[in-house]
Amino acid sequence: MTASAVVTRQGATVDIVGVSKSFNQRSDSARVVLRDVNLTVRSGEFVSIVGASGCGKTTLIRMVAGLAPYSSGMIRVGDTIVKGVPKRLGFVFQDAALMPWRTVRANVAMGLNETGALLSKADARTKVEEAMGLVGLSAFADYYPGQLSGGMKQRAGLARALVSEPDLMLMDEPFGALDAFTRLRLQEELAAIVARTTTTTMFVTHDVDEAVFLSDRIVVMSTSPGTVKDIIEVDLPRPRLRREGLLDNRRAAELRDQVLGLVIEDQAR
Ligand SMILES: Nc1ncnc2c1ncn2[C@@H]1O[C@H](COP(=O)(O)OP(=O)(O)O)[C@@H](O)[C@H]1O
Ligand SMILES: [Mg+2]
């Protein structure tokens, strides 16, 4: 990515204020999945969300993305209250969800969506090439998803999210389906990428070490109904380049134990 592509923009702030979410059940009753969630994510901040399975992490992030309505409260991205999908949003799912009949380049280009219409063809092409370069996929631009490894597919999904230079990146267990080694490398690459951009990131994971490595803050959620239980500040210096660097870091171990303790405490109930 060129310097000019990143210095002019600012990451969005995200305000989640008193948000609750219920799902209607077969009977007349509604099930409260999230209750009174409050969280402010600062511009450019990297926040991870961890919590037991089923606590509502995906539901929360989908609501921020405008993909699901919230039952009460308010979510604001930048200065816009979320009603539909906010502009300049990048979303990465656990499954890269690539179009199998399109090349990597064409899949990445899809991420330009409404911003693409404002660009000349040449500029759009440049952005797509830059995004592929950022995730190390330049040599695979003409490949089809079926020809890629799991890690490369996630890279393509990441490039598709990054290509529009989003103000906000939402990532829902993006590395959850990858083998341990690919996962470590992608964590390092993501850390390097976000360090070079101004984007704000909300990152759902069940991997506490991953959260410690990547985050400025870690939001621990409790279950039934899901709400913010605690927020842990990750006071490890940046840049954090290598996962191995955290293995013998005492503070990282303390933070991991603290977060893990909070999650397990909740699961035990
Ligand atoms: N569309 C839906 N309809 C009904 N219940 C749902 C729906 N989506 C999620 N849920 C329920 O909401 C809870 C939280 O789900 P989810 O947000 O996927 O949790 P997490 O991502 O933390 O594992 C779960 O109990 C799940 O069954
Ligand atoms: Mg989930």
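Numbering starts at 1 and runs along the sequence shown. Whatever order the structure lists them in is the order used to number ligands and atoms, beginning at 1.
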So is Gly56 in contact with ligand 1, going by heavy-atom distances below 4.0 Å? yes

Just checking, is any N or O donor in the side chain of Thr205 or Glu210 under 3.5 Å from an acceptor N or O on the other one? yes

Would you say Gln94 reaches the Mg ion (ligand 2) with an N/O/S atom under 2.8 Å? no

How far does CZ of Phe181 sit from CZ of Arg243, to the nearest 0.5 angstrom? 11.5 Å

Would you mind telling me if ligand 1 is within reach of the side chain of Thr59, the backbone, both or neither, using heavy atoms under 4.0 Å? both

Atom 3 (N) of ligand 1 has as its nearest protein heavy atom Phe23 CD2, 3.4 Å

Looking only at non-hydrogen atoms, find the nearest pair between Met169 and Ala161 and report the distance. SD-CB, 3.9 Å

Show me which atoms of ligand 1 lie under 4.0 Å from any heavy atom of Ser53. 23 (O)

Side-chain donor-acceptor pair under 3.5 Å between Thr40 and Asp15, yes or no? yes

Thr126 and Asp123: side-chain donor and acceptor closer than 3.5 Å? no

Quick test: of every protein heavy atom, which one is nearest to atom 26 (C) of ligand 1, and how far off is it to 0.1 Å? Arg31 NH1, 4.5 Å

We want to know whether Thr103 and Asp142 form a side-chain donor-acceptor pair, criterion being a heavy-atom distance below 3.5 angstrom. no

Suppose we measure from atom 14 (C) of ligand 1 to each protein heavy atom; which comes out shortest, and what is that distance? Gly54 O, 3.3 Å

Can you pull out the closest protein heavy atom to atom 21 (O) of ligand 1? Residue, atom name and distance to 0.1 Å, please. Thr58 OG1, 2.8 Å

